[in-house]
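Shown next, in structure tokens, is the structure this report addresses.
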Number of protein chains: 2
Amino acid sequence: MIEVFKKYIREKSKVSEEDLDKIIAVCQVKRVRKRQYLLQEGDVWKYNAFVTKGCVRTYTLDDKGNEHIINFAVENWWTGDRESLASGESSIFNIDALEDSEIVLISKSNFEMLCVQIPAFNDMVNGILQKSFIVAQNRIHTFISLSAEEKYLKFLEKFPHLVMRVPQGMIASYLGITPETLSRIRNQTAKK
Amino acid sequence: MIEVFKKYIREKSKVSEEDLDKIIAVCQVKRVRKRQYLLQEGDVWKYNAFVTKGCVRTYTLDDKGNEHIINFAVENWWTGDRESLASGESSIFNIDALEDSEIVLISKSNFEMLCVQIPAFNDMVNGILQKSFIVAQNRIHTFISLSAEEKYLKFLEKFPHLVMRVPQGMIASYLGITPETLSRIRNQTAKK
DNA sequence: AAATGGCATTGATAAATATCAATGCCATTT
DNA sequence: AAATGGCATTGATATTTATCAATGCCATTT
């Protein structure tokens, strides 16, 4: 499955085959079963992580025990907690697998080494970061300007594949609404 | 006022004094009056912009003419539209000044040149990007997990200086609530 | 085949938030 | 000093969304 990661790097960067080997050499492949944790609240996140197979989610738990899903990651997406990784402080997030999954892990120090030694890798990483920021900003925009229904319709547009793959209640959580509300929205929009 | 920018770079990076001169050489200082636009919806954003004085906001207008404020930027903050800058496509955002302000502009090509020629500058820029992403992610978290009141209280904690400086209705917009709701929240929490 | 667990759905109701309209306050302009 | 414009506040009401509870449907386990 590491081939998925190789393919991704080839497409997204100008890293040479030689350097690609260098990257792969420091990769660790982690297999996780459905419901298994990759990160638990309170632990420090120490990797850069890339999903080659399956699906994971990042979420928090509030006082009342409600889950709040910050994001999903399927094949070819990165996951992890950048804040904990950067600061070395314990994470407020949980990450677990929604399906049996396979994750490529690169430790913080190895990752930094790759960034220094392989400029093309560094560029790729920063390009991804930039894109992630833009995605985050657009999501913020949906929160300040759209109703529950509009957020759902936009989600449908952007992530049609996720709608089939992830339980509906989790999509509701991602959108910041309750499962009941999402169910009703779907019911209503279906009628139209 | 360019001194503000110099000081910022000295603090945030390891750029040499010599390279700092190189940076300043390609800076353009723009003065804007209160209410004046820096960017209007439909235009392409072509700069990296740093606020040395004053305060600007980035917002969109919806069909009903409502403003939705994506963010504020005061002294020592960056502003602009990364998405438009990166893609070259026209922006959906407006940026205007809430006070008479002074903005340091660096064109896209000059900025890229600086990133290539001055590694320490590149590192600083990517560090800022990383921080921006984390801030954005945390803001997303507030939207999916907090009530209007909780969002406001968190805003107070994080940006006490902005509360004094920005009209209350704009803070409401930033939080994704109406001015009336924010007014009532303040009234109630004051009583406690 | 029966039992179980996890979801989604649906209904009734409550709570949060938005909308609309009116008023008043203050700073700035004339 | 009077007039103006921009906000914030307040009240009444509507709308949206959440909460609580019950039911049903599948897929998986026993």
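Every value quoted in this text rests on a predicted model; they were computed, and no experiment measured them. These numbers come from the heavy atoms of this one structure, side chains and all, not from hydrogens, waters or symmetry mates. Below, chain A is the first sequence line, B the second, and so on; all start at residue 1.
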[X] [atom1] - [N] [atom2] separation (whole Å):
X: B:E180; N: D:dC7; atom1: CD; atom2: C1'; value: 11 Å
X: A:R186; N: C:dC7; atom1: CZ; atom2: P; value: 15 Å
X: A:M170; N: C:dC7; atom1: CE; atom2: P; value: 6 Å
X: B:E99; N: D:dG6; atom1: CD; atom2: C1'; value: 16 Å
X: A:E149; N: D:dT17; atom1: CD; atom2: P; value: 9 Å
X: A:N66; N: D:dT17; atom1: CG; atom2: C1'; value: 14 Å
X: A:K151; N: D:dT16; atom1: NZ; atom2: P; value: 14 Å
X: A:Q188; N: D:dT17; atom1: CD; atom2: C1'; value: 11 Å

Do the side chains of [X] and [Y] get close enough for a salt bridge, i.e. N-O under 4.0 angstrom?
X: B:E99; Y: B:K34; result: no
X: B:R165; Y: B:E75; result: yes
X: B:K151; Y: B:E157; result: no

Candidate nucleotides C:dT17, D:dA18, C:dA18, ranked by approach to the side chain of A:I177 - the nearest: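 Among C:dT17, D:dA18, C:dA18, the one nearest the side chain of A:I177 is D:dA18.
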Candidates C:dC7, C:dT19, D:dT10 - which lies nearest the side chain of B:N187: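 For the B:N187 side chain, the nearest candidate turns out to be D:dT10.
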Side-chain-base donor-acceptor pair under 3.5 Å for A:Q168 and C:dC7: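 No pair found.
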Sugar-phosphate, base or nothing in reach of A:L182, heavy atoms under 4.0 Å: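 If one applies the 4.0 Å heavy-atom cut-off, A:L182 turns out to touch nothing in the nucleic acid.
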Pairing annotation in dot-bracket form, given for DNA chain C with Watson-Crick or G-U pairs under 3.5 Å and | for cross-strand partners: ||||||||||||||||||||||||||||||
Test: B:R139 cationic atom under 6.0 Å from B:F155 six-membered ring centre, within 45° of axis: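 Not flagged: B:R139 not positioned over aromatic ring of B:F155.
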Earlier contact from the 5' end, DNA chain D, for B:V166 and B:R184: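 Closest to the 5' end, via its nearest nucleotide, is B:V166.
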Under the ring-ring contact (aromatic ring centres under 6.0 Å, His included) test, residues paired with B:F133 that sit two or more places apart: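 For B:F133 there are no ring-ring contact (aromatic ring centres under 6.0 Å, His included) partners, ignoring immediate neighbours.
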Spatial distance of atom CH2 (A:W45) from atom CG (A:L85) [nearest 0.5 Å]: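 Separation between the atoms: 8.5 Å.
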Derivation and outcome, side chain to side chain contact (heavy atoms under 4.5 Å, CB included), residues A:I95 and A:R57: CA-CA 6 Å; A:I95 304 180; A:R57 64 171 175 162; over 6 Å; no
D:dA18 OP1/OP2 closer than 4.0 Å to side-chain N/O of A:T181: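 A:T181 to D:dA18 OP1/OP2: side-chain N or O found under 4.0 Å.
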